[in-house]
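Okay, structure first, notes after.
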Amino acid sequence: MSRQRLPLNPAGERLEALLRQRIVYLDGAMGTMIQQLKLQEQDYRGDRFKDHPGQLKGNNDLLVITKPSVVRDIHRAYLDAGADILETNTFNGTSIAMEDYAMTHLVRELNTEAVKVAREAVDAFKAANPGKDAFVAGAIGPTNKTLSMSRDVNDSSKRDVTFAQVRDAYREQVDALIDAGADLILCETVFDTLVLKAAVFAIDEAFEARGFRLPLMISGTITDQSGRTLTGQTTEAFWNSVRHAQPISIGMNCALGGEQMRPHIAELAKKADIYVSCYPNAGLPNPLSPTGFPEGPEDTAAILETFARDGLVNILGGCCGTTPGHIAAIRRRTEKYPTRVPGEVRPALKLAGLEALNIVGGPGTFVNVGERTNVAGSKIFKGHIEKNDYRAALGVAKQQIEAGATVIDINFDAGLLDGVAAMTKYLNMAATEPDITKVPFMIDSSNFDIVEAGLRCVQGKAIVNSISLKEGHAEFVRRARLCRRYGAAMIVMAFDEQGQAATLADKVRICVRAYGILTEEAGVDPQDIIFDANILTVGTGMAEHNRYALDFIEAVTEIKRLCPGARTSGGLSNVSFSFQGNNKVREAIHSVFLYHAIKAGLDMAIVNAGM
């Protein structure tokens with residue numbers, strides 16, 4: 001797939017045109033409206049499920065089968081109130097969420113019927129209001145599982161589900177929503193970015209299988225006054241982690257009221273170069289209120305009016321506690337304001353752990369990548385892993401960060417070690433350590449199965465180390481597309497089918513060739529490409545090695561000139577390997593080499609941050 005994206009569906013083109021013209025309005029809460037109807041167990045069961053084991057009351061998604069008129073009437077009420085976009089009643093429409101009700105077999109039917117009911121409401125509204133448009137968004141919730149945290153206090157590496165299981169569950173839902181005719185996809189109430197990344201992976205696969213795409217809206221949730229998601233990410237880190245999905249909008253919903261949400265929306269409005277959405281709860285929960293939330297329509301509308309007035313938003317709506325009255329008031333008070341115009345943002349390699357790391361290049365932005373969490377490069381780290389002392393191995397990562405590393409390189413390539421299992425366990429445990437997972441991870445392996453295992457454990461935006469043309473053109477493209485689909489940047493080694501580039505000419509030739517393939521065939525953003533032109537050993541006594549350091553430094557300059565947007569990196573310790581055991585000499589060589597390489601444009605290097 002090239003950087004020319006798949007064609008957009010016709011409804012998506014209409015939505016994009018509308019977003020350029022004015023603020024667009026989402027509907028409000030489905031659950032709040034259903035709750036006010038005080039439905040009973042029999043209403044959920046109907047005749048079809050009268051003998052189904054277990055309680056079904058509360059399974060609101062089921063109502064599209066047993067009480068479709070209830071859902072259709074709520075949809076129509078929101079359209080009449082001014083909503084442009086209806087969300088399907090499918091927040092829990094995955095096999096993972098439906099497992100609580102022993103209804104996993106109904107996933108496709110539930111999603112299909114939900115789109116049908118919403119479409120009926122839209123068609124009836126458009127028939128009664130010629131010239132007005134409305135859209136059906138296939139709503140995708142976060143499931144009731146997390147991939148970034150353990151529920152077992154005795155084992156922080158344990159997860160209830162795997163990335164692959166979550167991805168497959170979302171694929172089933174997405175396929176049903178698209179096939180039923182949804183106009184766009186909305187991933188909402190995201191509290192664990194890794195779960196969202198599994199959804200995005202499935203969505204991207206579904207689009208590619210059909211040869212067209214739907215607009216994708218993404219909406220996260222800041223859970224409390226800490227300003228972070230439940231799994232610990234800041235707003236900017238969340239955005240950096242999901243940019244690869246190329247959504248039509250990024251925003252926030254649920255958990256907070258509009259007042260508490262404002263700083264996070266303001267940050268997105270400043271840092272995102274796409275449309276921004278906001279649909280808050282009607283204040284913070286209040287069990288004494290009829291809706292469970294304190295704000296009436298005018299209260300919420302008055303708050304969101306300031307968002308529109310200050311040019312922060314493109315899409316407005318409501319979440320928990322909001323009603324058609326809220327949507328009507330929001331639209332009435334905000335439609336007079338112009339929609340936000342997405343601004344230009346400074347090009348950068350945008351990485352993330354729990355916190356964002358933006359590498360713009362140039363003086364003062366050099367990045368130290370800690371190398372000691374590597375079984376091939378650290379006897380201490382390898383010893384901890386061989387003893388199954390992963391807690392001590394996490395201490396090595398902490399030491400590297402404390403010593404100045406802003407990215408951590410993690411490698412489990414050892415002959416007798418199960419690299420997939422070790423990478424998975426280590427990263428799952430690291431995910432629960434904020435002092436470690438605050439920085440981006442570099443997933444390092446010559447075995448791409450281990451790389452994939454690592455990418456399935458990281459909620460932030462990681463770097464893959466590495467891919468190359470050594471395995472051939474087709475495999476290079478396959479791996480690059482997978483890195484992109486997982487949302488990772490990638491180090492590209494200066495190798496091709498003939499071997500490792502040693503000379504200046506070969507380094508530049510291979511990297512330029514790889515850049516063209518990545519940007520034109522694999523769909524990779526140039527900012528996510530990091531070239532490693534091979535730092536080779538000097539001081540060997542062999543004349544043909546005398547230019548190795550100079551060739552690398554000169555290659556950095558040429559690669560960055562010929563490959564706009566790409567970054568450069570290298571493994572620093574290689575240059576002084578001839579002086580192994582003489583740390584003073586090695587440190588001096590490293591200092592001189594880095595001085596000149598950074599001046600030439602080197603953006604990062606894998607180093608022992610403690611030296």
Any side-chain heavy-atom pair of [X] and [Y] under 4.5 Å:
| X | Y | answer |
| --- | --- | --- |
| V464 | L455 | yes |
| V166 | I96 | yes |
| F412 | V420 | no |
| I408 | V369 | no |
| T540 | M542 | yes |
| V492 | M490 | yes |
| Y170 | T143 | yes |
| L536 | Q500 | yes |

(request) Walk me through it: do Y486 and E452 pass the test side chain to side chain donor-acceptor pair (under 3.5 Å)? (result) CA-CA 9 Å; Y486 280 109; E452 275 206 81; 2.5 Å; yes

Distance-minimising heavy-atom pair for [X] and [Y]:
| X | Y | result |
| --- | --- | --- |
| N240 | L351 | ND2-O, 2.9 Å |
| D551 | A502 | OD2-O, 3.9 Å |
| I385 | A393 | CD1-CB, 3.7 Å |
| L602 | F366 | O-CD1, 3.5 Å |
| F238 | I218 | CZ-CG2, 3.9 Å |
| C187 | I203 | SG-CD1, 3.6 Å |

(request) State the NZ-CD distance between K470 and Q498, to the nearest 0.5 angstrom. (result)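 Going from NZ on K470 over to CD on Q498, the span is 13.5 Å.
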
(message) Among K158, M149, R159, exactly one meets side-chain contact (heavy atoms from CB on, under 4.5 Å) together with N428. Which residue is that?
(response)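 So the option named by the test is R159.
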
Are any of the side-chain nitrogens in [X] or [Y] under 4.0 Å away from the carboxylate oxygens of its partner?
| X | Y | result |
| --- | --- | --- |
| R171 | E205 | yes |
| R479 | E475 | yes |
| D525 | R484 | no |
| D496 | R509 | yes |
| E208 | R485 | yes |
| K438 | E402 | no |
| R481 | E521 | no |

Classify the side-chain pair [X]/[Y] by whether it contains a donor and acceptor separated by less than 3.5 Å.
| X | Y | result |
| --- | --- | --- |
| T537 | N574 | no |
| S445 | D413 | yes |
| Q246 | R213 | no |
| Q459 | S241 | no |
| Q400 | N368 | no |
| T94 | E172 | no |

Identify every side-chain donor-acceptor pair in residues 591-598 under 3.5 Å, counting partners at least two apart or on other chains, and give the distances.
unit_1, atom_1, unit_2, atom_2, d
S591, OG, E587, O, 3.0

[X] side chain to [Y] main-chain N or O, any donor-acceptor pair under 3.5 Å?
| X | Y | result |
| --- | --- | --- |
| T424 | A421 | no |
| T221 | T223 | no |
| N411 | D444 | yes |
| Q233 | L354 | no |
| S219 | T189 | no |
| R567 | V360 | yes |
| K560 | G601 | yes |
| N534 | A501 | yes |

(request) Would you confirm whether the ring centroid of H473 sits within less than 6.0 angstrom of the ring centroid of F476? (result)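 Judged by ring-centre distance (under 6.0 Å), F476 and H473 do not meet the cut-off.
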
(message) Between F441 and Y426, is the ring centroid distance below 6.0 Å?
(response)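 Ring centres of Y426 and F441 not closer than 6.0 Å.
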
(request) Find out whether the Lys NZ or Arg CZ of R372 is both under 6.0 angstrom from the six-membered ring centre of F381 and within 45° of the ring's axis. (result)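 No, R372 does not lie over the aromatic ring of F381.
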
(request) Using the six-membered ring of Y390, assess whether NZ or CZ of K425 lies under 6.0 Å from its centre and within 45 degrees of the ring axis. (result)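 Relative to the ring axis of Y390, which defines the angle, K425 lies inside both limits.
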
(request) Determine, stepwise, if the pair E236 / K270 fulfils side-chain contact (heavy atoms from CB on, under 4.5 Å). (result) CA-CA 10 Å; E236 186 178 12; K270 180 180 178 181; over 6 Å; no

(message) Evaluate V575 against V538 for side-chain contact (heavy atoms from CB on, under 4.5 Å), listing each step before the verdict.
(response) CA-CA 6 Å; V575 73; V538 297; 4.1 Å; yes

(request) Check each of R547, K599, R561 against E554 using the salt bridge (charged side-chain N to carboxylate O under 4.0 Å, His left out) test, and report the only one that passes. (result)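 By the salt bridge (charged side-chain N to carboxylate O under 4.0 Å, His left out) criterion, E554 pairs with just one of R547, K599, R561: R547.
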
(message) Please check if the number of heavy atoms outside I380 that lie under 6.0 Å from its CD1 is greater than 12.
(response)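 12 or below, so no.
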
(request) Any pair with a residue in residues 344-361 that passes salt bridge (Lys or Arg N to Asp or Glu O under 4.0 Å), sequence neighbours left out, goes on the list, sorted by first then second residue, please. (result)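 Only R228-E355 qualify under salt bridge (Lys or Arg N to Asp or Glu O under 4.0 Å).
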
(request) Please report the C-alpha distance between S157 and D155 in whole Å, then the side-chain angles of each, then the deciding distance to 0.1 Å, and finally whether the side chain to side chain donor-acceptor pair (under 3.5 Å) criterion is met. (result) CA-CA 5 Å; S157 70; D155 185 358; 2.6 Å; yes

